[in-house]
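To start, the structure under review is shown below, and the notes come after it.
Numbering of ligands and ligand atoms starts at 1, following listing order. Please read all numbers here as calculations on a predicted model, not as lab measurements.
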Amino acid sequence: MSVAALAELVRGASHLIALTGAGVSTESGIPDFRSTADGLWRDNDPMKVASIDGFRGDPIRFYRFWGERLGELETKRPNVTHRVLATLEREGPLRTIVTQNIDGLHTAAGSTNVLEVHGCFRRARCLGCDASMPLEVVLAMVAAGQPPRHACGGLIKPDVVLFGEALPPTFGLAEAEARACDTMLVLGSSLEVYPVAGLVPMARESGARVAIVNRDPGPCDHLADVVIHAELGETMRALGEPLALAPSAEPSAPEGPPSPA
Ligand code: NAD
């Protein structure tokens, strides 16, 4: 299908939401899970390095594995897809971005209403007393040979959802948005990770129109009014033209980590 059909659908929306996945950030240099061939999950068992049981069992190993990778995220910048979405919120019908990404790049691009349903790598949280702090504080503790423990004695975990964990309360807001929207734009997600993938049939059953842009075919393609299998950058750049959007802002540096709560 064509970008013109996608533009038509966006133009007709009055309550548009975007559901984004790791594919939105690959053009910023952050590999996704399914289409990457870098061997990350071939050489490292995700149930050890990305599960809550693995974390509790060996938090030092966890931080050693993720420390460098999370630090690298600091250097990444928003790409054209993040910027077009920010413009669609500022000048168009986009109300909310529901993102599975933990990289913070939607906010760095200027989007304000972002539901990070899998958390954000910049923060960490004490599993004992729920205190929040910048992740870099914990990385520095581990680098200095200290255990990642808060003053209360609780383990401190990056504020991202690990395998085996429940989703945060923001997911309830995402479900409400999926039911309330009249149009959903799904970008760069394999839609294989639940419960987030369930938001697409939920929106559809509530009467919303659905558009999917993804390089590879996916399990919800048959539910969509518009499906485009292409690169996101070129598609979103082309979408901006008929909508007369001006996604001109240069990529900004991601905001610094939030202050401790
Ligand atoms: P996924 O890796 O399962 O699927 C990504 C999809 O994006 C693939 O189907 C691929 O075809 C498509 N894609 C990749 N680059 C593209 C491009 N340039 N243009 C068009 N399509 C492109 O991602 P998911 O569905 O988000 O699920 C993965 C899970 O891993 C999520 O829960 C997420 O939290 C996490 N994750 C996050 C990040 C991040 O924060 N950037 C990165 C990797 C994984």
Polar atom proximity, E231 to ligand 1 (N or O, under 3.5 Å): yes
Residue pairs meeting salt bridge (Lys or Arg N to Asp or Glu O under 4.0 Å), one or both in residues 3-17, sequence neighbours left out, come to E8-R11
Between S14 and D182: side-chain donor-acceptor atoms closer than 3.5 Å: yes
Salt bridge (Lys or Arg N to Asp or Glu O under 4.0 Å) contacts in which one or both residues fall within residues 146-160, not counting sequence neighbours: R123-D159, R125-D159, K157-E165
Going by the side chain to side chain donor-acceptor pair (under 3.5 Å) test, name the single residue among T81, N79, D103 that passes it with S25. D103
Are any of the side-chain nitrogens in D225 or R204 under 4.0 Å away from the carboxylate oxygens of its partner? yes
Contact atoms of ligand 1, heavy-atom distance to T26 under 4.0 Å: 14 (C), 15 (N), 16 (C), 17 (C), 18 (N)
Here the atoms of ligand 1 under 4.0 Å from any heavy atom belonging to D103 are 39 (C), 40 (O), 41 (N)
Atoms of ligand 1 close to S25 [distance to a heavy atom under 4.0 angstrom, numbered from 1]: 41 (N)
Using side chain to side chain donor-acceptor pair (under 3.5 Å) as the criterion, point out the one residue from T112, T20, N113 that pairs with H106. T20
Short side-chain to backbone donor-acceptor contact, S51 and G54, under 3.5 Å: yes
Inspect the contact between E74 and R122 and indicate whether a charged nitrogen and a carboxylate oxygen are less than 4.0 angstrom apart. yes
Quick one: which ligand 1 atoms are inside 4.0 Å of a heavy atom on G188? 5 (C), 6 (C), 7 (O)
Minimum non-hydrogen distance to atom 6 (C) of ligand 1, winning option of L232, L105, N214, V196: N214
Under a 4.0 angstrom heavy-atom cut-off, which atoms of ligand 1 come close to I30? 41 (N)
Ligand 1-proximal atoms of Q100, by part, heavy-atom distance under 4.0 Å: both
If you count the atoms of ligand 1 from 1 in the order shown, which ones are under 4.0 Å from a heavy atom of A230? 19 (N), 20 (C)
P31 neighbourhood, listing ligand 1 atoms whose heavy-atom distance to it stays under 4.0 Å: 42 (C), 43 (C)
Between V193 and ligand 1, is there a nitrogen or oxygen pair with a distance under 3.5 Å? no
Are any of the N or O atoms of A22 closer than 3.5 Å to those of ligand 1? yes
Ligand 1 versus E192, non-hydrogen atoms closer than 4.0 Å: side chain, backbone, both, neither? neither
Considering N101, D216, I102, T20 one by one, which has a heavy atom nearer to atom 11 (O) of ligand 1 than any of the others? D216
Within 4.0 Å of some non-hydrogen atom of G21, the atoms of ligand 1 are 26 (O)
N/O donor-acceptor pair under 3.5 Å between N214 side chain and H229 backbone: no
Main chain of A22, side chain of N101: is a donor-acceptor contact present, judged purely on distance under 3.5 Å? yes
